[in-house]
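For the numbers below, each heavy atom of this structure counts, side chains included, while hydrogens, waters and symmetry mates do not. In the text below, chain A, chain B and the rest are named by the order of the sequence lines, each starting its count at 1.
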Number of protein chains: 2
Amino acid sequence: MDYIALEQYLKGIGDQNRLRILTYLMHESLCVCELTELLEMTQPAISQHMRKLKDAGIVSEEKRGRWTIWSLNVRHPQYPVLIHLLSLLPAPGRTVEDLIKEGKKVMCDA
Amino acid sequence: MDYIALEQYLKGIGDQNRLRILTYLMHESLCVCELTELLEMTQPAISQHMRKLKDAGIVSEEKRGRWTIWSLNVRHPQYPVLIHLLSLLPAPGRTVEDLIKEGKKVMCDA
DNA sequence: AGATTATATAAGCATTCTCTTATGAATGCA
DNA sequence: TGCATTCATAAGAGAATGCTTATATAATCT
């Protein structure tokens with residue numbers, strides 16, 4: 001890993017909202033519309049964050065029907081470091097359980 | 001550590017030039033004018049990087065005569081993570097040995 | 001086919017970042 | 001005391017960042 005790649009990696013995870021996204025993805029894979037609900041942000045904002053994370057190799061996407069399911073790229077060389085850092089953070093305010101209660105959890109694998 | 005603090009930390013180390021600075025400091029403490037020579041950057045640019053690193057608690061300073069000696073803050077909670085990340089990087093082009101050869105190494109503790 | 005849903009992308013704007021040059025403050029030396 | 005050295009800070013320019021709104025694309029449903 002050279003200086004440019006490490007800078008890109010650290011800039012990729014060095015943002016409050018992307019850290020919140022990664023905290024969610026640490027527990028389960030989620031689609032864009034679920035992240036939009038969880039973070040209470042607009043859909044384009046989420047998509048742009050995901051692209052940045054993807055460019056840094058931190059997450060991977062899987063198209064399933066209309067949805068794009070995002071998950072942590074467990075094959076990233078610094079995946080263990082990422083998990084360590086994310087484990088320092090408190091649980092985010094809105095949980096996936098809240099989504100389920102509100103009937104907003106997507107069941108795209110059904 | 002909350003989301004804001006982790007963002008500040010990652011932004012602190014998420015810059016090519018600051019990574020180069022930290023790579024040098026991993027081996028030995030250095031003053032501003034030495035870093036200016038090693039990185040081939042202007043003195044204010046170095047000072048501004050050091051302030052950013054200091055604000056994030058990543059480095060600590062010690063005034064000695066005319067010089068400000070900077071070192072890694074080994075008491076930072078994420079110091080082990082930092083060392084791990086820095087160890088991924090190749091050795092920088094200009095070395096402290098080059099400085100000595102050129103007679104530019106400061107001996108402020110003499 | 002037409003309408004709906006999920007997502008990506010483009011353009012615009014405000015903020016932040018990182019450098020530059022200029023200047024100020026403090027220390028040590030002649 | 002006067003001067004050189006070291007460093008910090010301020011102000012400004014240009015690029016990058018992260019949002020917004022608007023629009024395009026693709027898949028699904030009726």
**Q.** Single-linkage hydrophobic cluster, 4.5 Å side-chain cutoff, A/Leu22 and A/Leu85 together
**A.** yes
Q. Ignoring hydrogens and angles, are the base of C/dA8 and the side chain of A/Gln48 linked by a donor-acceptor pair under 3.5 Å?
A. no
(Q) Considering every strand and a 4.0 Å limit on heavy-atom distances, what is the contact class for A/Ser47: base, sugar-phosphate, or nothing? (A) base
Q. A/Ile69 CD1 to C/dA8 P: how many Å, rounded?
A. 11 Å
**Q.** Integer-rounded Å distance: C/dT16 P and B/Glu7 CD
**A.** 11 Å
Q: Assign A/Glu61 to base, sugar-phosphate, or nothing according to its heavy-atom contacts below 4.0 angstrom with the strands shown.
A: sugar-phosphate
Q: Give the nucleotide from the list C/dC19, C/dT7, D/dT21 with an atom nearest to the side chain of B/Ala45.
A: C/dC19
Q.
Quick check against the 3.5 Å criterion: does A/Gln48 have a side-chain atom that pairs as donor or acceptor with the backbone of A/Ala45?
A. no
Q.
Which nucleotide wins on minimum distance to the side chain of B/Lys52, given the candidates C/dC17, C/dA6, D/dC7?
A. C/dC17
(Q) From CD1 of B/Ile46 over to P of D/dT9, roughly how many Å is that when rounded to an integer? (A) 15 Å
**Q.** Any B/Thr42 side-chain N or O less than 4.0 Å from OP1/OP2 of C/dC19
**A.** no
Q: Return the nearest nucleotide to the side chain of B/Arg66; candidates are C/dA6, C/dA8, C/dT27.
A: C/dT27
Q. Would A/Val96 and A/Val59 show up in the same hydrophobic cluster when neighbours are defined by side-chain heavy atoms closer than 4.5 Å?
A. yes
Q.
Closest approach to the side chain of B/Gln43, judged atom by atom: which nucleotide of C/dA8, D/dA8, D/dC29 is it?
A. D/dA8
Q: Answer yes if B/Val81 and B/Ile4 sit in the same cluster of Ile, Leu, Val, Met, Phe, Trp and Tyr residues linked by side chain heavy atoms under 4.5 Å apart, and no otherwise.
A: no
Q: Round to a whole Å and report the spacing from CD1 of A/Ile21 to P of D/dG18.
A: 11 Å
Q.
Need to verify one output field. Residue with the more 5' nearest nucleotide on DNA chain D, A/Gly65 or A/Asn17?
A. A/Asn17
Q.
Regarding A/Glu102 and A/Arg94, does a basic nitrogen lie under 4.0 Å from an acidic carboxylate oxygen?
A. yes
**Q.** Spacing between B/Arg51 atom CZ and C/dT16 atom C1', to the nearest angstrom
**A.** 14 Å
(Q) Using whole Å, what does the distance between atom C1' of nucleotide D/dA15 and atom CD of B/Gln16 come to? (A) 15 Å
Q | Whole-Å gap separating C1' (D/dA15) and NZ (A/Lys11) | A | 10 Å
Q) Does A/Lys101 pair with A/Glu97 as a salt bridge, N-O distance under 4.0 Å? A) no
(Q) Under 4.0 Å from OP1 or OP2 of D/dA27: is there any side-chain N or O of A/Arg64 that close? (A) no
Q: Identify, between B/Glu34 and A/Gly14, the residue whose nearest nucleotide on DNA chain D lies closer to the 5' end.
A: B/Glu34
Q: Would you mind telling me which of C/dT7, D/dA27, D/dC19 lies closest to the side-chain atoms of A/His49?
A: D/dC19
Q. Rounded to whole angstroms, how far apart are CD on B/Glu62 and P on D/dC7?
A. 13 Å
Q. With respect to the side chain of A/Cys31, which nucleotide from D/dT20, C/dT7, D/dC7 is positioned closest?
A. C/dT7
Q: Tell me which nucleotide among C/dT18, D/dC7, C/dC19 gets nearest to the side chain of B/Asp15.
A: C/dT18
